Trainee: 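Please read through the structure below; I'll follow up with questions.
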Protein chains: 2
Amino acid sequence: MTSHPDLTKNQTLVLKTLDKAEAPLSAYTILDRLRDDGFRAPLQVYRALGKLQEFGLVHRLESINAFVACCQPHGHRHEMTAFAICRTCGKVDEFSDTAVEERLGEWVRAHRFKPAKTTIEISGDCADCTAHDPG
Amino acid sequence: MTSHPDLTKNQTLVLKTLDKAEAPLSAYTILDRLRDDGFRAPLQVYRALGKLQEFGLVHRLESINAFVACCQPHGHRHEMTAFAICRTCGKVDEFSDTAVEERLGEWVRAHRFKPAKTTIEISGDCADCTAHDPG
DNA sequence: AATCGGAATGTAATACCATAACATTTCCAA
DNA sequence: TTGGAAATGTTATGGTATTACATTCCGATT
């Protein structure tokens with residue numbers, strides 16, 4: 001079980017902000033929420049986010065340019081993480097699927113492709129929002 | 001087999017630009033390559049790209065903010081398309097995997113999630129680039 | 001305790017990506 | 001031929017991310 005170094009002040013602030021949030025946040029939203037803590041520039045957020053992603057504590061959602069705290073227990077992380085993103089309420093479900101990992105792994109092996117990062121994001125409407133807004 | 005309407009002038013220009021390209025192009029790169037054809041503003045590109053995506057002729061690669069022409073024969077399109085994107089040379093392989101579709105479909109059904117768009121992108125290094133640059 | 005060096009931080013400027021708003025033109029169907 | 005939807009042209013603006021450089025923090029070594 002790999003461990004991550006102690007977090008710095010900025011990293012801690014950014015991670016706490018994401019933990020408190022009910023939905024993914026953009027870097028600039030995080031910046032706004034940390035103005036009172038002394039944050040002044042985007043780079044402070046992006047640098048902290050970069051480290052937190054390295055540590056596996058934060059995920060970037062490519063399809064919406066936003067970030068979420070990882071919900072997996074530390075050390076119990078999968079190679080591939082998939083996300084279901086609700087367009088309506090913004091909530092995100094994080095999940096893993098071994099079969100998906102294996103199938104993509106087979107393609108990669110067959111094509112001698114050396115994967116660095118895999119993005120799996122399903123955008124749509126969650127059960128709650130579909131129920132509330134029949135359509 | 002569904003058909004798509006005839007393409008307009010701008011749509012044709014944008015699609016041709018993507019077809020000629022060896023790698024994905026950003027909207028602004030497309031704009032630059034169409035200056036001589038009268039393109040002046042990003043919106044001309046984005047509007048054409050939007051329609052081409054509707055018709056299934058162009059894909060957007062979320063993880064790199066770029067666009068590629070669809071390589072699948074028209075009418076033979078899958079629900080989900082996956083992409084292997086080489087960080088080094090930029091080339092993209094488009095593929096489908098029924099098993100992956102099914103597994104994600106099962107998750108979605110089990111959680112009553114109504115999917116609108118699924119993104120699967122593997123970023124890394126292709127066989128050629130790995131061979132040339134052993135590392 | 002002094003100091004050296006790498007990591008983290010602060011700040012300003014800039015580059016890149018995408019859309020809003022509104023005016024105008026094109027083109028087909030009635 | 002004309003009415004209206006779709007496409008286009010143009011300007012302005014908003015959102016996302018990085019470059020470049022100066023400074024500070026902090027632990028390891030002396």
Side-chain angles (χ1 to χ4, degrees), chain A residues 3-18 21 23-55 57-68 85 87 90 92 117 119 121 123, chain B residues 3-18 21 23-55 57-68 85 87 90 92 117 119 121 123:
Chain A
S3 192
H4 63 82
D6 289 334
L7 299 181
T8 66
K9 174 165 159 276
N10 284 6
Q11 289 159 18
T12 303
L13 287 166
V14 168
L15 185 55
K16 275 186 185 165
T17 304
L18 285 176
L25 301 179
S26 78
Y28 278 74
T29 301
I30 295 171
L31 174 58
D32 285 339
R33 297 194 182 180
L34 290 174
R35 296 269 183 207
D36 292 345
D37 295 282
F39 273 51
R40 308 292 310 278
L43 205 48
Q44 295 174 287
V45 177
Y46 282 110
R47 285 201 275 230
L49 285 171
K51 286 296 181 187
L52 291 169
Q53 285 175 268
E54 273 183 28
F55 303 153
L57 299 173
V58 160
H59 297 288
R60 174 190 171 80
L61 301 177
E62 305 286 354
S63 61
I64 58 173
N65 295 329
F67 302 84
V68 284
I85 306 167
R87 293 179 297 182
V92 170
K117 194 200 172 192
T119 300
E121 298 176 16
S123 163
Chain B
S3 192
H4 63 82
D6 289 335
L7 299 181
T8 67
K9 175 166 158 272
N10 285 5
Q11 288 159 18
T12 303
L13 286 167
V14 168
L15 185 55
K16 275 185 185 165
T17 303
L18 286 175
L25 300 179
S26 77
Y28 278 74
T29 300
I30 296 171
L31 173 59
D32 285 340
R33 296 195 183 180
L34 290 174
R35 296 269 181 206
D36 291 345
D37 296 282
F39 273 49
R40 308 292 309 277
L43 208 47
Q44 296 175 286
V45 177
Y46 282 109
R47 285 202 276 230
L49 285 171
K51 285 297 180 186
L52 291 169
Q53 285 176 265
E54 273 183 29
F55 303 153
L57 300 174
V58 160
H59 298 288
R60 175 190 170 79
L61 301 177
E62 304 286 354
S63 61
I64 58 172
N65 296 330
F67 303 84
V68 284
I85 306 167
R87 293 179 297 183
V92 170
K117 194 201 173 191
T119 299
E121 297 177 16
S123 163

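The sequence lines fix the lettering, A, B, ..., with proteins before strands; numbering per chain opens at 1. Everything numeric here is computed off the predicted structure, so don't read it as measured data.
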Trainee: Rounded to the nearest 0.5 Å, how far apart are CG of A/Leu18 and CG of A/Leu52?
Mentor: 7.5 Å
Trainee: If each of A/Ala41 and B/Thr29 is mapped to the nucleotide of DNA chain C with the nearest heavy atom, which maps nearer the 5' terminus, i.e. the 5' end?
Mentor: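 Per heavy-atom nearest nucleotide, the more 5' residue is A/Ala41.
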Trainee: Find the distance A/Lys51:NZ to C/dG6:P and express it as a whole number of Å.
Mentor: 14 Å
Trainee: Between P on C/dC16 and CD1 on B/Ile30, what's the gap in Å once rounded to a whole number?
Mentor: 15 Å
Trainee: Round to a whole Å and report the spacing from CD of B/Gln44 to P of D/dT10.
Mentor: 7 Å
Trainee: Flag as yes if B/Tyr28 stacks onto the base of C/dC16 (centroids under 5.5 Å, planes under 30°), otherwise no.
Mentor: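 Check failed, B/Tyr28 does not stack on base of C/dC16.
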Trainee: Between C/dA13 atom P and A/Arg40 atom CZ, what is the distance in whole Å?
Mentor: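 So the two atoms are 13 Å apart, to the nearest Å.
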Trainee: Side chain of A/Asn65 only, please: which of D/dT8, D/dT18, D/dT16 is the nearest?
Mentor: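 Out of D/dT8, D/dT18, D/dT16, the nucleotide with an atom closest to A/Asn65's side chain is D/dT16.
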Trainee: What is the distance, rounded to the nearest whole Å, between atom CG of B/Leu43 and atom P of C/dA18?
Mentor: 12 Å
Trainee: Whole Å only: how far is the OH atom of A/Tyr46 from the P atom of C/dT9?
Mentor: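 Taking atom P of C/dT9 as the reference, OH of A/Tyr46 is at 17 Å.
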Trainee: To the nearest Å, give me how far apart CZ (B/Arg47) and C1' (C/dC22) are.
Mentor: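 Rounded to the whole Å, the gap is 11 Å.
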Trainee: Identify which nucleotide among C/dC17, D/dT8, D/dA17 has an atom closest to any side-chain atom of B/Arg60, counting heavy atoms from C-beta outward.
Mentor: C/dC17
Trainee: Please state how far atom CG in A/Leu31 lies from atom P in D/dT18, giving the value in whole angstrom units.
Mentor: 15 Å
